[in-house]
Amino acid sequence: MSLNIQNLHANIGEREILKGLNLEIPKGQIHAIMGKNGSGKSTLAKVMAGHPDYEVTAGEVTLDGLNLFEMAEPDERARAGLFVAFQYPMEIPGVTIANFIRAALQARLPKGEELDAVEYYELLYKKMELLKIPRNFTSRAVNEGFSGGEKKRCEVLQMAMLNPVYCVLDETDSGLDIDALKIVSEGVNAMRSPERGMLVITHYQRLLDYIVPDVVHVMVDGRIVLSGDKSLALKLEANGYDWVEKEALQQA
Amino acid sequence: MNSTLIEKHVTPISSNWPTWFAAEQKTALTDYEQSPTPTRRHESWRFANLKPLDLSAFVDAQPVSSEGRLINASSGLGEFSAKMVFGNNALLHRSAQSLPDGVIFESLESAAANHAELFRKYFMARPTDLGSSKFTALHKARVSTGVFLYVPANTTVTLPIEIFHWAEGNNASIFPHTLLICGENSSVTVMDYFKSADKLTALACGVNDLHLEKGSRLTYIAVQDWSSTTTAFHINSTNVDANAKCTALIANFGGGFVRGESLSRLIGEGSRSEMYSINPVEGTREIDQRTLQDHIAPHATSDLLYLNALDDRSRTIFAGLIKVEPGAQGTDAYQKVRNLILSDDADPNSMPGLEILNDEVRCSHGATNGPVSEDELFYMQARGIDRDKARRLVVNGFFNSLLERIEDAAVRTHLSGLLAKRLSVD
């Protein structure tokens with residue numbers, strides 16, 4: 001049981017960004033992808049989520065054997081158990097967080113079944129407490145006027161509420177001060193489970209002090225070029241990415 | 001047999017009006033018959049679909065089949081201070097739980113007899129005249145009842161007052177009227193609901209007169225929810241005296257052809273008029289709105305924001321004018337219409353306008369058209385919400401942003417609930 005990415009190629013317009021990416025995240029593990037800006041990390045997250053700007057030209061992604069690309073619409077993929085926490089979450093004016101998450105949960109219920117409002121709010125408040133989000137947040141419009149840190153907390157709150165099987169967190173640490181980073185990391189760690197796989201995308205080692213990965217991958221130019229344990233992250237922090245790129249070139 | 005609406009021999013079947021008003025109604029009927037039917041050559045009917053102006057199919061509304069059913073269905077806010085329910089031009093129900101002393105809340109025709117001086121001073125005293133004078137003449141000729149609310153000076157009506165107007169029966173014609181007079185430094189909120197008892201076609205030709213004396217506060221909410229084939233005229237005249245503030249919101253949830261006209265006259269220094277409207281339209285429905293912000297007194301503010309969301313082959317027309325009269329220095333006036341376009345076949349028409357006869361003013365006006373953001377849709381879909389529901393949530397959010405401007409939390413929540421129900425996102 002895994003999130004399995006095989007030979008993934010993807011374009012934006014005419015430009016190829018992902019160039020044969022292979023990665024398998026078994027259930028129960030946390031993997032990290034590190035890489036410089038422009039290496040294709042965010043593209044990977046968006047392609048999996050089904051962003052319409054990207055075109056998959058080859059390869060496949062399976063969720064516990066289910067072919068992700070057979071699900072044309074992003075909402076089918078989400079309901080199949082995939083959650084992507086975005087680097088730049090969208091603002092939705094006039095739609096409150098409470099109503100937004102409620103609609104997302106409702107979408108997972110069989111037709112005709114209604115979400116229990118009392119249980120919903122109990123759960124929502126519990127998860128908000130964990131992420132130290134004040135209660136009046138629920139009546140604010142999704143991401144509208146939020147600080148960078150508030151947006152990231154809101155992403156993790158959604159993730160906690162929707163209970164996905166595989167999570168992809170794209171630069172969830174960017175825009176966070178150290179206190180917020182700790183809170184968000186606690187929220188993520190609370191979701192560690194043998195029933196769930198997670199992929200954490202970052203270009204700072206700092207996040208991995210708090211969310212300790214089982215495997216670290218390095219991404220260069222649309223491929224995974226090196227994988228290792230968490231010490232790899234420290235090595236990258238100390239020595240930069242140039243040596244990885246050189247090794248990758250030599251191998252190629 | 002039903003009588004057609006405009007047969008000359010028709011006099012109101014059981015007129016309860018004082019004789020002097022009955023005489024005015026006769027004159028009004030003549031005015032109606034003699035005024036030309038508008039054509040597109042009239043600037044005030046530019047872009048309009050004129051077919052609905054043929055009213056020959058409409059007939060006198062008959063008494064409603066079940067008063068009890070309509071009275072029971074007339075529920076709005078959990079808490080209110082008084083209520084009136086009308087069905088097919090008759091008062092079905094009146095209750096007043098908690099009205100302060102001195103408040104007059106009675107039917108229009110009885111107020112014409114009991115408070116003739118007030119009635120004469122305010123009833124249709126300031127014609128709106130944005131194109132529909134023919135239809136306001138028809139309204140006056142045929143109005144048989146309505147609401148008369150007078151809030152005396154320095155009186156606060158804490159809980160909102162609710163009014164329901166029902167139309168029932170095929171081709172029934174009804175003539176709702178709401179006359180509100182807010183005395184100096186008084187304060188009141190009024191909810192005016194317009195509803196169809198069935199899915200049949202009706203004609204509604206309504207007028208509301210809002211008069212705010214010095215320092216008063218009025219929140220007036222009209223929730224128009226006629227059947228989707230009803231032809232409706234809703235003509236509003238608002239007059240705001242010094243330091244008074246009117247917040248008026250018109251929600252057009254229903255109607256097949258709706259012509260709305262709103263006039264705000266800022267007649268006293270420091271007065272403020274907020275003119276809001278939310279219009280979800282789909283199918284082949286058409287909402288045609290014409291407005292005038294008439295700045296007569298200095299240092300007054302008007303703020304107009306109309307939001308339209310157009311799906312399918314629906315149409316909207318907005319023509320607005322800010323007029324700053326020579327004596328209105330220090331005017332602050334805004335006018336904005338925003339069209340959210342949900343379909344390639346939708347047809348939004350916007351004609352914002354300014355006429356400034358005083359240099360010392362601040363005015364802005366504009367119109368925007370935009371589709372639903374694909375990024376917003378993607379984000380919601382990425383949370384598992386299907387595209388259609390996501391779209392409706394975005395539309396709901398678009399309108400909700402305006403509802404946030406309503407101060408009373410209970411009213412705001414109630415409206416938000418009605419909107420969610422209308423858009424099937426609840």
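A note on names: the letters A, B, ... follow the listed sequences, proteins ahead of strands, and every chain is numbered from 1.
When the shell of 6.0 Å around CZ of B:Arg313 is examined, it contains 12 or fewer heavy atoms from other residues, nucleotides or ligands.
B:Phe194 and B:Trp226 have tilted rings, their planes meeting at an angle from 30° to 60° on a 0 to 90° scale. The aromatic rings of A:Phe86 and B:Tyr379 sit tilted relative to each other, their planes meeting at an angle between 30° and 60°.
In this structure, no portion of A:Asp53 lies under 4.5 Å from any heavy atom of chain B. Heavy atoms of A:Arg77 lying under 4.5 Å from chain B are absent altogether. For a residue to count as touching a neighbouring chain, one of its non-hydrogen atoms must lie under 4.5 Å from one of that chain's; by this rule A:Glu114 does not touch chain B. In this structure, chain B has no heavy atom under 4.5 Å from any part of A:Ala141. Proximity to chain B is absent for every atom of A:Pro164, based on heavy atoms less than 4.5 angstrom apart.
Between the side chain of A:Ser185 and the backbone N or O of A:Leu181, at least one donor-acceptor pair lies under 3.5 Å.
When B:Ala420, B:Gly384, B:Ala382 are compared by the number of non-hydrogen pairs under 4.5 Å with chain A, B:Gly384 comes out ahead. When the candidates A:Glu76, A:His51, A:Arg102, A:Gln106 are compared by the number of heavy-atom contacts under 4.5 Å with chain B, A:His51 comes out ahead.
Between the side chains of B:Tyr220 and B:Asp192, at least one donor N or O sits under 3.5 Å from an acceptor N or O.
The nearest pair of heavy atoms linking B:Leu423 to B:Asn396 is CD1-CA, 3.4 Å.
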